[in-house]
2 protein chains.
Amino acid sequence: MSSEPIDVDIISSAKVEGTHVYDDAGENLGSVDHLMLDKRTGQVRYAVIEFGGLFGVGADRYPIPWAKLRYDPTKGGYVALLDKASLAGAPKYSMDRVPTYMADFGRSVDGFYGIDD
Amino acid sequence: MSSEPIDVDIISSAKVEGTHVYDDAGENLGSVDHLMLDKRTGQVRYAVIEFGGLFGVGADRYPIPWAKLRYDPTKGGYVALLDKASLAGAPKYSMDRVPTYMADFGRSVDGFYGIDD
């Protein structure tokens with residue numbers, strides 16, 4: 001059993017939601033809207049980043065695998081381990097057409113980020 | 001690769017938050033306020049249930065291990081695999097004294113639910 005305080009290891013979903021996400025050049029990509037998690041195991045699969053638009057209208061949402069995000073305390077936000085140019089080609093959807101994460105969409109996300117599931 | 005649609009397996013944190021939790025007798029225990037997740041792995045450790053109080057004032061919060069919750073589609077909510085009497089003795093905190101999940105509090109939660117971490 002570690003003597004480390006557990007609070008440094010766990011975080012509230014309420015705190016993750018709304019946190020900014022930056023690319024590795026420090027550019028603001030958007031913020032976390034919500035997480036997508038495995039119902040059975042409770043494993044977070046994607047942080048869904050809202051990006052662009054005005055007050056959420058017209059914004060695109062990008063599901064990014066949790067493993068592709070690192071928290072940067074100096075920025076007070078996550079750094080996505082991919083650049084903004086790469087994100088331009090990443091699987092996304094608009095708020096008015098939320099996908100059901102059917103096999104094809106999930107595969108396109110996992111495939112894009114090289115996640116083997 | 002499964003041919004099952006992925007949407008039956010994953011769920012938004014925004015949908016989990018606010019969902020009611022029942023005991024195995026069908027009594028309403030409260031609702032999920034937020035999730036606590038492992039920062040590094042993205043594994044959800046606890047669903048924090050808000051229970052009692054009036055409009056959240058005076059409510060107690062109970063971190064319940066994700067593995068102790070099963071979604072029941074007929075109830076439209078989670079069933080906690082413990083009864084209300086057991087919950088009365090479970091680790092909790094009041095909203096005005098949120099613990100930092102230091103080692104002792106985390107251990108008391110995991111110990112109570114028999115989670116070996």
Side-chain angles (χ1 to χ4, degrees), chain A residues 1-19 32-48 50 61 63-73 78 91 93 95 98-111 115-117, chain B residues 1-19 32-48 50 61 63-73 78 91 93 95 98-111 115-117:
Chain A
M1 180 71 75
S2 167
S3 64
E4 285 290 326
I6 289 178
D7 67 303
V8 301
D9 295 329
I10 65 176
I11 189 171
S12 169
S13 56
K15 199 164 180 181
V16 173
E17 293 155 1
T19 298
V32 178
D33 185 77
H34 61 277
L35 304 171
M36 294 298 295
L37 51 124
D38 185 294
K39 286 179 180 178
R40 189 179 57 79
T41 65
Q43 174 66 46
V44 172
R45 292 184 51 170
Y46 315 116
V48 181
E50 192 169 87
R61 289 178 171 186
I64 297 183
W66 185 257
K68 293 287 181 184
L69 298 174
R70 291 282 181 280
Y71 188 75
D72 183 337
Y78 294 98
Y93 57 90
M95 283 180 64
V98 178
T100 52
Y101 286 86
M102 300 293 284
D104 284 351
F105 184 70
R107 263 201 292 271
S108 75
V109 175
D110 293 342
I115 302 293
D116 193 10
D117 195 44
Chain B
M1 182 70 74
S2 167
S3 63
E4 287 290 327
I6 290 179
D7 67 302
V8 301
D9 295 329
I10 64 177
I11 190 170
S12 169
S13 56
K15 199 163 179 181
V16 174
E17 292 155 1
T19 297
V32 178
D33 185 78
H34 62 276
L35 305 171
M36 294 299 293
L37 52 124
D38 185 294
K39 286 179 180 178
R40 188 179 58 79
T41 65
Q43 173 67 45
V44 172
R45 291 184 53 171
Y46 315 116
V48 180
E50 192 169 86
R61 290 180 170 182
I64 298 182
W66 185 257
K68 293 287 181 186
L69 299 174
R70 291 282 180 279
Y71 188 75
D72 183 336
Y78 294 98
Y93 57 90
M95 282 178 66
V98 177
T100 51
Y101 286 87
M102 300 293 284
D104 283 352
F105 184 71
R107 262 201 293 271
S108 76
V109 175
D110 294 344
I115 302 293
D116 193 9
D117 193 46

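Worth saying up front: this structure is predicted, and the values here are computed from it rather than measured. Letters go in sequence order (proteins before strands), and every chain restarts at 1.
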For the residue pair [X] and [Y], what are the closest heavy atoms and their distance?
| X | Y | value |
| --- | --- | --- |
| B:Asp38 | A:Ile10 | CA-CG2, 4.1 Å |
| A:His34 | B:Ser12 | CD2-OG, 3.1 Å |
| B:Glu17 | A:Ala14 | OE2-N, 4.5 Å |

Straight-line distance of [X] [atom1] to [Y] [atom2], nearest 0.5 Å:
| X | Y | atom1 | atom2 | result |
| --- | --- | --- | --- | --- |
| A:Trp66 | B:Arg40 | CH2 | CZ | 12.0 Å |
| A:Gln43 | B:Leu37 | CD | CG | 9.5 Å |
| B:Lys39 | A:Arg70 | NZ | CZ | 13.5 Å |

Contact winner vs chain B - A:Asp33, A:Val16, A:Thr41, heavy-atom pairs under 4.5 Å: A:Thr41

